[in-house]
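I have placed the structure first, in the form of structure tokens, so that the comments after it can refer back to it.
So you know, we letter chains A, B, ... as the sequences are listed, proteins then strands, and number each from 1. Fair warning: this is a prediction, and the values are worked out from it, not measured in the lab.
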Amino acid sequence: MPELPEVETTRRGIEPHLRGRNIRRLIVRQPRLRWPVATGLAKTLQHRQIRQVSRRAKYLLIGTDKGTLLIHLGMSGSLRILTRHAAPGKHDHIDLLLDNGVTLRYTDPRRFGAWLWTADRSASHPLLRKLGPEPLSDDFNTEYFYTRSRGRKLAVKSFLMDSHTVVGVGNIYASEALFRAGIHPARAAGRISRQRYAALVEAVKQVLAEAIRQGGTTLRDFSNGEGKPGYFQQSLNVYGQTGKPCPVCTTPVRETRTSQRSTFYCPHCQH
DNA sequence: AGAGGTACCTGGCAGC
DNA sequence: TGCTGCCAGGTACCTC
């Protein structure tokens, strides 16, 4: 479900409901996520004041007066704001109750997500330490990207999806960005020119910014904090479009696999 | 060091 | 209808 635009859409959806509020209670119904939810987390969070809701890579950072709650949505996680009581469903693993009666509800069928605490208001958690630059920041630029790619033999798509290279580019937007830049996903990262990396940097920034503007991509049941879907799905050029005509040249879109992940590209436009 | 594979988990769907 | 196998938006960790 969530790539960076979906996480950012979620952040924007929940932030107004959380900022400035005090946490009344945390209810953990299922602690077995990617890492077990710490048994003391409920006690740690009780009475904390939420200062802001920010994001690093695909981690949501709930900043409080005493530390930071890190939430990752994994493959199938989502967060919803509830303004009235609703009986929890099978996969509604965690509720964060606020002092105004609002509940932040975490749902995650596959349980690849995470709820972690760091007693550090700058959120320097080990998981965040080795991450590459944010794709929409100036730190992610042609020079950085090109230099880092030299000598690398892996497919450019895998290079692009490696969070040490740049964060937030998942399987959907990797295919989409490579299509826009006209680069074949299987091409070795180290054998692509500086000029073409310039095009790829622009494509990544554009595709992510557009997806955020449209509220993310809804493939199955993604929704922002208020249950609304994302509309970027309508803008997908190649992802999931196997056999359909390329919007530029009408050649049928092809599907292949790059390190175990589905990859979509136009064999005519991408080299 | 780099590259590739494995693992975590459930639900949905195609094919028989 | 029911079973089996495969696929899914992520990513830390392991081995070679």
Side-chain angles (χ1 to χ4, degrees), chain A residues 1-10 29-37 55-60 70-79 89-94 106-116 125-132 135 147-178 185-191 204 207-208 211-212 214-224 229-236 238-243 255-264:
Chain A
M1 188 182 302
E3 290 200 28
L4 186 139
E6 289 72 36
V7 177
E8 179 59 22
T9 297
T10 298
R29 296 182 200 86
Q30 170 56 279
R32 290 161 60 207
L33 303 185
R34 173 166 201 152
W35 294 282
V37 177
R55 179 190 58 73
R56 172 75 174 107
K58 294 171 189 165
Y59 292 90
L60 286 165
L70 279 69
I71 301 176
H72 198 290
L73 303 177
M75 288 275 261
S76 58
S78 61
L79 289 166
K90 186 178 176 185
H91 302 297
D92 294 339
H93 305 313
I94 304 178
Y106 176 73
T107 309
D108 186 1
R110 291 177 74 181
R111 291 194 269 123
F112 286 172
W115 280 56
L116 301 164
H125 192 276
L127 287 169
L128 306 180
R129 233 165 260 159
K130 289 179 179 173
L131 294 173
T147 305
R148 247 194 113 89
S149 70
R150 293 307 90 180
R152 302 295 299 276
K153 291 178 175 165
L154 78 174
V156 62
K157 182 178 178 246
S158 303
F159 179 60
L160 180 58
M161 288 178 66
D162 183 346
S163 63
H164 304 290
T165 307
V166 59
V167 301
V169 186
N171 205 36
I172 300 175
Y173 301 114
S175 279
E176 292 298 315
L178 288 163
R187 178 169 285 272
R191 304 200 56 186
V204 167
V207 81
L208 292 177
I212 290 170
Q214 297 186 41
T217 302
T218 298
L219 288 185
R220 285 182 178 77
D221 55 359
F222 169 77
S223 62
N224 62 15
Y231 293 98
F232 191 76
Q233 184 174 22
Q234 298 157 10
S235 311
L236 296 174
V238 288
Y239 185 87
Q241 310 298 310
T242 311
E255 180 173 355
T256 179
R257 285 187 91 72
T258 313
S259 52
Q260 269 96 305
R261 308 299 299 276
S262 296
T263 304
F264 304 87

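At a threshold of 4.0 angstrom between heavy atoms, the contacts of Phe232(A) with the nucleic acid are absent. Across all strands shown, Leu33(A) has no heavy atoms under 4.0 Å from either base or sugar-phosphate atoms. Using a 4.0 Å heavy-atom cutoff across all strands shown, Arg261(A) reaches at least one base atom of the nucleic acid. Lys90(A) comes within 4.0 angstrom of sugar-phosphate atoms only, judged by non-hydrogen atoms across all strands, and of no base.
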Pair up each side-chain donor or acceptor in residues 167-178 of chain A with any protein partner under 3.5 Å, not counting sequence neighbours, and list the distances.
unit_1	atom_1	unit_2	atom_2	d
Asn171(A)	OD1	Lys157(A)	NZ	2.6
Asn171(A)	ND2	Ser262(A)	O	3.1
Tyr173(A)	OH	Glu6(A)	OE2	2.8
Tyr173(A)	OH	Thr217(A)	OG1	2.6
Ser175(A)	OG	Phe264(A)	N	3.2
Glu176(A)	OE1	Asn237(A)	N	2.8
Glu176(A)	OE2	Asn237(A)	N	3.2
Glu176(A)	OE2	Val238(A)	N	2.9
Glu176(A)	OE2	Tyr239(A)	N	2.7

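Residues satisfying the side chain to side chain donor-acceptor pair (under 3.5 Å) criterion with Ser149(A), sequence neighbours excluded, are absent altogether. Checked against salt bridge (charged side-chain N to carboxylate O under 4.0 Å, His left out), Arg56(A) has the following partners two or more places apart in sequence or in another chain: Glu134(A). With sequence neighbours excluded, no residue forms a ring pair (Phe, Tyr, Trp, His ring centres under 6.0 Å) with Phe112(A).
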Are there any protein N/O atoms within less than 3.5 Å of an N/O atom in nucleotides 3-7 of chain B, and if so, which ones and at what distance?
unit_1	atom_1	unit_2	atom_2	d
dA3(B)	OP1	Lys153(A)	N	2.4
dA3(B)	OP1	Leu154(A)	N	3.4
dA3(B)	OP2	Arg152(A)	NE	2.4
dA3(B)	OP2	Arg152(A)	NH2	2.8
dG5(B)	OP2	Gln260(A)	OE1	3.3

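Note: CG (Leu79(A)) to C1' (dG9(C)) measures 15 Å, nearest angstrom. To the nearest angstrom, C1' of dC7(C) lies 10 Å from CD of Glu255(A). The interatomic distance linking His164(A) (NE2) with dG2(B) (C1') rounds to 12 Å, in whole Å. The CZ-C1' distance, from Arg111(A) to dG11(B), rounds to 13 Å in whole Å.
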Audit row: Lys58(A), Glu3(A), salt bridge (charged side-chain N to carboxylate O under 4.0 Å, His left out) steps and yes/no: CA-CA 7 Å; Lys58(A) 294 171 189 165; Glu3(A) 290 200 28; 5.1 Å; no
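Contact of Arg110(A) with dC9(B) (side chain to base): a donor-acceptor pair of N or O atoms is detected under 3.5 Å.
Between Thr107(A) and Ile94(A), the closest side-chain pair of non-hydrogen atoms is not below 4.5 Å.
Across dT10(B), dG9(C), dC8(B), the shortest atom-to-atom separation from the side chain of His91(A) is found for dT10(B).
For dG9(C), one of the phosphate oxygens OP1 or OP2 lies less than 4.0 angstrom from a side-chain nitrogen or oxygen of Tyr239(A).
Stems are defined here as 3 or more consecutive Watson-Crick or G-U wobble pairs with pairing distances under 3.5 Å; those involving DNA chain B are B:2-8 with C:10-16, B:10-16 with C:2-8.
Between Tyr106(A) and His93(A), the ring planes lie tilted relative to each other; the angle falls in the 30° to 60° range.
No hydrogens or angles considered: nothing links the side chains of Glu255(A) and Thr263(A) as a donor-acceptor pair under 3.5 Å.
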